[in-house]
K.L.:
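Have a look at the structure that comes next, please.
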Amino acid sequence: MSIIAEAPGYIQVFSDGTVKRFEPEISTASIEPCNGYKSKDVVIDPLKPIFGRMYLPESSVLHQQFPVLVYFHGGGFCIGSTTWLGYHIFLGDLSVASKCIVLSVDYRLAPENRLPTAYEDCYSALEWLINNLEIEPWLKRAYLSQVFLSGDSAGGNIVHQVAIRAIRSEVFCGRLKGLLPIHPYFGSEKRTELEMANGSAGDVEMNDMFWRLSLPRGSNRDYFGCNFENAELSMAEWSQFPAVIVFVAGLDFLKERGVTYAEFLKKKGVKTVKVVEAEEQVHVHHVFHPESEATRLLQSQMSDFINSFLGNKQSNDS
């Protein structure tokens with residue numbers, strides 16, 4: 001039995017289809033307040049299965065309602081988890097900084113569950129919010145007319161696809177206010193300048209490997225989930241697309257794709273599109289260094305974007 005695909009320290013795929021994942025340090029949830037927030041694990045769909053982790057910020061305002069940020073982790077669609085320590089710290093602190101309830105989603109992973117499974121699972125997390133509004137105690141504090149989507153790397157890709165499903169849904173019409181993809185993971189059969197540059201071979205090979213493991217069998221990198229230009233939306237649907245802030249990192253191999261994504265949205269008429277660059281940072285630095293100065297800045301920028309939609313609501317709650 002031989003290894004046919006590998007990201008050292010994270011995943012090995014064997015010739016018989018067996019997949020071995022290596023988990024980094026993880027963190028458990030706790031309903032006891034810690035650093036200004038509580039956290040707990042929830043079951044989104046027991047049959048598939050899909051799980052999530054919720055974060056609730058503490059508040060001095062009695063019965064204060066919070067907007068909801070739904071977050072999708074990265075990992076090339078093949079690795080990653082809500083339980084990873086880096087995600088737990090980052091999202092808990094983000095819930096405090098942004099004054100949001102955060103729902104982090106554990107979607108099913110490839111290659112066992114190839115795309116579009118991740119998109120379907122993550123959209124079902126939005127449906128879970130609505131269906132459990134009167135059942136889940138923490139959601140009674142949720143202001144579900146103000147929903148935001150975020151995620152890093154493959155999670156940033158998922159943000160785009162879930163948003164498309166949401167604007168086509170009567171249930172979420174008007175609820176989805178903004179998208180905050182972080183270092184989004186896109187691709188295409190056509191290489192970018194950076195992908196063709198000297199010294200990029202290793203990054204290109206790793207990216208191609210994750211796409212081979214996650215794309216539907218028989219698909220190439222022009223699959224709509226990889227190449228965002230191939231998603232079929234009407235002009236009416238583009239006109240309903242929410243505001244977008246794309247975070248890119250200056251030292252990230254995927255920076256070019258993130259900037260191109262923002263330019264594409266502008267050409268489609270999306271009214272609010274902004275790119276924010278962390279010049280000296282690497283891909284998903286906030287996961288590897290969740291308490292760094294750069295991560296604090298990212299959380300502040302995300303909070304400012306979210307709060308720009310909430311001025312009137314927060315004034316009324318004060």
Side-chain angles (χ1 to χ4, degrees), residues 27-73 82-83 87-107 121-151 155 158-159 162-163 165-167 169-180 242 299 302-318:
S27 177
T28 57
S30 175
I31 59 172
E32 296 300 321
C34 176
N35 297 324
Y37 62 87
K38 303 176 182 179
S39 59
K40 69 176 177 180
D41 294 325
V42 296
V43 179
I44 293 172
D45 188 325
L47 300 179
K48 290 182 177 179
I50 311 168
F51 303 100
R53 179 167 291 186
M54 294 182 69
Y55 300 85
L56 177 69
E58 294 185 281
S59 174
S60 59
V61 180
L62 188 63
H63 304 308
Q64 180 179 355
Q65 286 188 299
F66 301 100
V68 177
L69 175 74
V70 185
Y71 195 92
F72 313 121
H73 68 75
T82 61
T83 64
Y87 283 117
H88 181 79
I89 295 174
F90 172 72
L91 293 175
D93 289 346
L94 179 61
S95 74
V96 175
S98 62
K99 292 298 180 185
C100 281
I101 292 174
V102 176
L103 173 63
S104 179
V105 183
D106 252 334
Y107 51 91
D121 287 0
C122 289
Y123 181 73
S124 71
L126 294 191
E127 295 178 319
W128 180 87
L129 288 173
I130 299 297
N131 294 337
N132 288 271
L133 188 59
E134 299 301 324
I135 302 171
E136 167 52 53
W138 287 11
L139 289 182
K140 294 178 181 179
R141 305 284 301 276
Y143 187 49
L144 285 184
S145 292
Q146 301 280 356
V147 177
F148 299 84
L149 305 181
S150 185
I158 294 171
V159 164
V162 172
R165 286 163 168 74
I167 64 175
S169 163
E170 292 184 6
V171 174
F172 284 98
C173 182
R175 294 182 187 268
L176 187 58
K177 299 302 180 184
L179 312 182
L180 302 88
Q299 290 165 335
M302 296 176 73
S303 299
D304 289 345
F305 177 79
I306 292 169
N307 290 332
S308 69
F309 296 87
L310 307 176
N312 294 334
K313 176 66 174 62
Q314 289 184 333
S315 298
N316 294 337
D317 286 342
S318 301

K.L.:
Could you give the distance from CG (Asp106) to CG (Asp41), rounded to the nearest 0.5 Å?
P.N.:
8.5 Å
K.L.:
Considering non-hydrogen atoms only, spot the tightest contact between Phe305 and Phe309 and give its length.
P.N.:
O-CD1, 3.1 Å
K.L.:
First locate atom CG of Leu94, then atom CE of Met302, and finally report the distance between them rounded to the nearest 0.5 Å.
P.N.:
5.0 Å
K.L.:
Knowing that exactly one of Val68, Leu126, Ile158 qualifies, which makes a side chain to side chain contact (heavy atoms under 4.5 Å, CB included) with Leu149?
P.N.:
Leu126
K.L.:
Examine distances only and state if a side-chain atom of Ser39 and a backbone atom of Ser30 form a donor-acceptor pair shorter than 3.5 Å.
P.N.:
yes
K.L.:
Between Phe66 and Cys100, is there a side-chain heavy-atom distance shorter than 4.5 Å?
P.N.:
no
K.L.:
Any chance you could measure Arg165, atom CZ, to Ser124, atom OG, to the nearest 0.5 Å?
P.N.:
10.5 Å
K.L.:
Using a 4.5 Å cut-off on heavy atoms from C-beta on, say whether the side chain of Leu139 contacts that of Met54.
P.N.:
yes
K.L.:
Where do Asn307 and Ser98 come nearest, in terms of heavy atoms and distance?
P.N.:
OD1-O, 3.7 Å
K.L.:
Just wondering, do Tyr123 and Phe172 contact through their side chains at under 4.5 Å, heavy atoms?
P.N.:
yes
K.L.:
Using a strict threshold of under 4.0 Å (side-chain N to carboxylate O), is an ion pair present between Glu136 and Lys40?
P.N.:
yes
K.L.:
Does any part of the side chain of Val162, heavy atoms only, come nearer than 4.5 Å to the side chain of Val70, both counted from C-beta?
P.N.:
no
K.L.:
If every non-hydrogen atom of Gly52 is compared with every non-hydrogen atom of Leu103, which pair is closest and at what distance?
P.N.:
CA-CD1, 4.4 Å
K.L.:
Side-chain contact test, heavy atoms from C-beta onward, threshold under 4.5 Å: evaluate it for Arg175 versus Ile130 and give yes or no.
P.N.:
yes
K.L.:
Quick one: closest heavy-atom pair of Val159 and Ser150, and the distance?
P.N.:
CG2-C, 3.4 Å
K.L.:
Are the side chains of Trp128 and Val42 in contact, using a 4.5 Å heavy-atom criterion?
P.N.:
yes
K.L.:
Got a second to check how far Tyr55's OH is from Tyr71's OH, nearest 0.5 Å?
P.N.:
10.5 Å
K.L.:
Hey, can you tell me if Tyr107 and His73 have their rings parallel, tilted or perpendicular (30° and 60° cut-offs)?
P.N.:
parallel
K.L.:
Return the minimal non-hydrogen interatomic distance between Arg141 and His63, and the atom names on each side.
P.N.:
NE-C, 4.0 Å
K.L.:
Let me confirm one number: the CD-CG distance from Gln146 to Leu310, rounded to the nearest 0.5 Å.
P.N.:
5.0 Å
K.L.:
Are any non-hydrogen side-chain atoms of Leu180 and Phe148 less than 4.5 angstrom apart?
P.N.:
yes
K.L.:
Do Tyr87 and Ser104 come close enough that some side-chain heavy atom pair is under 4.5 Å?
P.N.:
no
K.L.:
How many angstroms lie between atom OH of Tyr37 and atom OG of Ser95, to the nearest 0.5 angstrom?
P.N.:
7.0 Å
K.L.:
Determine the minimum heavy-atom distance between Glu58 and Pro33, stating which atoms define it.
P.N.:
OE2-CB, 3.5 Å
